[in-house]
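Take a look at the structure below.
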Amino acid sequence: MLFERPHLLGLEGLSAEELTFLLDTAESFKEVSEREIKKVPALRGRTVVNLFYEPSTRTRTSFEIAAKRLSADTVNLNVQASSTSKGETLSDTARNLAAMRPDAIVVRHPSSGAPDLLARHVDCPIINGGDGSHEHPTQALLDLLTIREHKGQIGGLTVAIVGDLLHSRVARSNLHGLRTLGARVRFVGPPTLVSPFFADLGAELVHDLHEGVRDADVIMMLRIQRERMTGRYFSSLDEYSRLYCLSADAVAKAKRDVIILHPGPMNRGVEISSTVADGPYSVIMDQVTNGVAVRMATLYVLVGRRRSETGDSLGPGAEGGDGSAPLQRAATGE
Ligand code: CP
């Protein structure tokens, strides 16, 4: 097994080998979702808790689907109806959940660093489902998988990430993953939303949309995150979309075989035109499909490994050799 970490808190610091292992594992799980009976027994008897303190459509649903396709039981904590509303702290909530012995907790939280805090308080794998403006590792993994599927490799590609970079956990995770795998990354947006700090992390900074997407192999569009904005970063949404909305004209500046990604939720007409979002270069729905495989891989790698460490009976999900044989068994259900 080439991924020995207890948690998945971010992509920062992961090696190319670890990233490639997670992507290869996700690829091996894709086939399960194409079957008539979309289930393998890899995590039978395991429990996955989804703890989401922010709204989510894709991440929460795909983690639940992924856990169920691995035969794990899932619990979705309704934060609004939980004791959080009575003043319970995140670490106390986590300790109490941990006392019920889940096998993994997926957490989304508006505060950067919340999953790291949880990881210090509980004795099961923590998976970051997006924390503040910090990281969203499984989103970046599904983006990397989608890019690799369409382009054959990631090394050597030019990837333009456009929009509200300042508040984007998706952009930060992608920057770490893409750079580690050898891509060139451009951050494109108004100076108020593209901090010079990103240059220290290896991004090229460009403020003109057409210049930023020129000759790009991949364009990733980001939503304006009004819920995280504390000041005025542009004079109006109209002005923003006039300068940064991805139109067919802008796409024409990129490579002829460019692919267009968006993590969702999309604001059509603000950062991306419908013509582009639904057009021939868009791989946005492929991203969503790959989200299930990436989350199956993440759960399998973090939870399935504990199964063998804790001495449970071996079988699908058990570890052995270089890890490829059990992956094969888990994916096929043999
Ligand atoms: N991309 C993403 O995180 O979407 P959700 O907010 O719907 O989970």
Side-chain angles (χ1 to χ4, degrees), residues 8-12 22-23 26 33 48-69 74-80 104-115 126-147 149 159 161-178 189 218-229 246 259-268 270-272 276-278 282-299:
L8 182 64
L9 303 175
L11 295 196
E12 185 175 13
L22 290 171
L23 297 178
S33 295
V48 177
V49 174
N50 281 324
L51 183 57
F52 276 57
Y53 287 84
E54 275 188 351
S56 169
T57 299
R58 285 147 286 265
T59 311
R60 200 193 62 72
T61 312
S62 61
F63 263 114
E64 186 171 358
I65 290 174
K68 288 190 154 95
R69 288 191 182 160
T74 57
V75 177
N76 294 303
L77 189 80
N78 179 352
V79 171
Q80 271 75 40
I105 300 176
V106 183
V107 61
R108 167 170 290 190
H109 202 278
S111 301
S112 299
I126 298 295
I127 301 170
N128 182 357
D131 63 326
S133 302
H134 175 225
E135 284 231 32
H136 193 349
T138 56
Q139 175 67 45
L141 286 170
L142 73 87
D143 296 335
L144 294 171
L145 183 62
T146 307
I147 294 169
E149 264 176 12
V159 181
I161 307 182
V162 184
D164 182 357
L165 281 308
L166 190 64
H167 301 98
S168 178
R169 53 200 181 201
V170 174
R172 276 177 181 72
S173 287
N174 265 291
L175 179 61
H176 295 308
L178 286 163
V218 178
I219 304 174
M220 183 182 299
M221 299 307 295
L222 301 173
R223 177 176 70 88
I224 291 291
Q225 300 197 31
R226 275 178 281 186
E227 72 276 20
R228 294 191 215 287
M229 290 186 169
L246 191 68
I259 54 171
I260 315 271
L261 287 82
H262 193 307
M266 277 191 286
N267 289 144
R268 290 170 182 263
V270 177
E271 74 269 9
I272 189 165
V276 172
D278 304 326
S282 171
V283 296
I284 294 169
M285 288 305 119
D286 294 355
Q287 290 174 267
V288 180
T289 302
N290 284 338
V292 174
V294 157
R295 281 146 189 152
M296 286 175 82
T298 305
L299 290 168

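Order of listing sets the numbers, starting from 1, for every ligand and every atom in it.
- Residues that satisfy the side chain to side chain contact (heavy atoms under 4.5 Å, CB included) test with Ser56, not counting sequence neighbours, are Phe52, Thr59, Arg60, Arg108.
- Applying the side chain to side chain contact (heavy atoms under 4.5 Å, CB included) rule to Ala114 yields the partners Leu90, His109; only residues at least two apart in sequence or on another chain are considered.
- Distance check, rounded to the nearest 0.5 Å: NE2 of His262 to CG of Asn267 gives 7.0 Å.
- A salt bridge links Asp278 with Arg268: at least one charged nitrogen is closer than 4.0 Å to a carboxylate oxygen.
- Side-chain atoms of Thr146 and Asn290 form a donor-acceptor pair, as typed in the model, at a separation below 3.5 Å.
- For Gln225, the side chain to side chain contact (heavy atoms under 4.5 Å, CB included) partners are Asp164, His167, Ser168, Arg223, Glu227, Arg228, not counting sequence neighbours.
- Within 4.0 Å of ligand 1, counting heavy atoms only, the contacting residues are Ser56, Thr57, Arg58, Thr59, Arg108, His136, Gln139, Pro263, Gly264.
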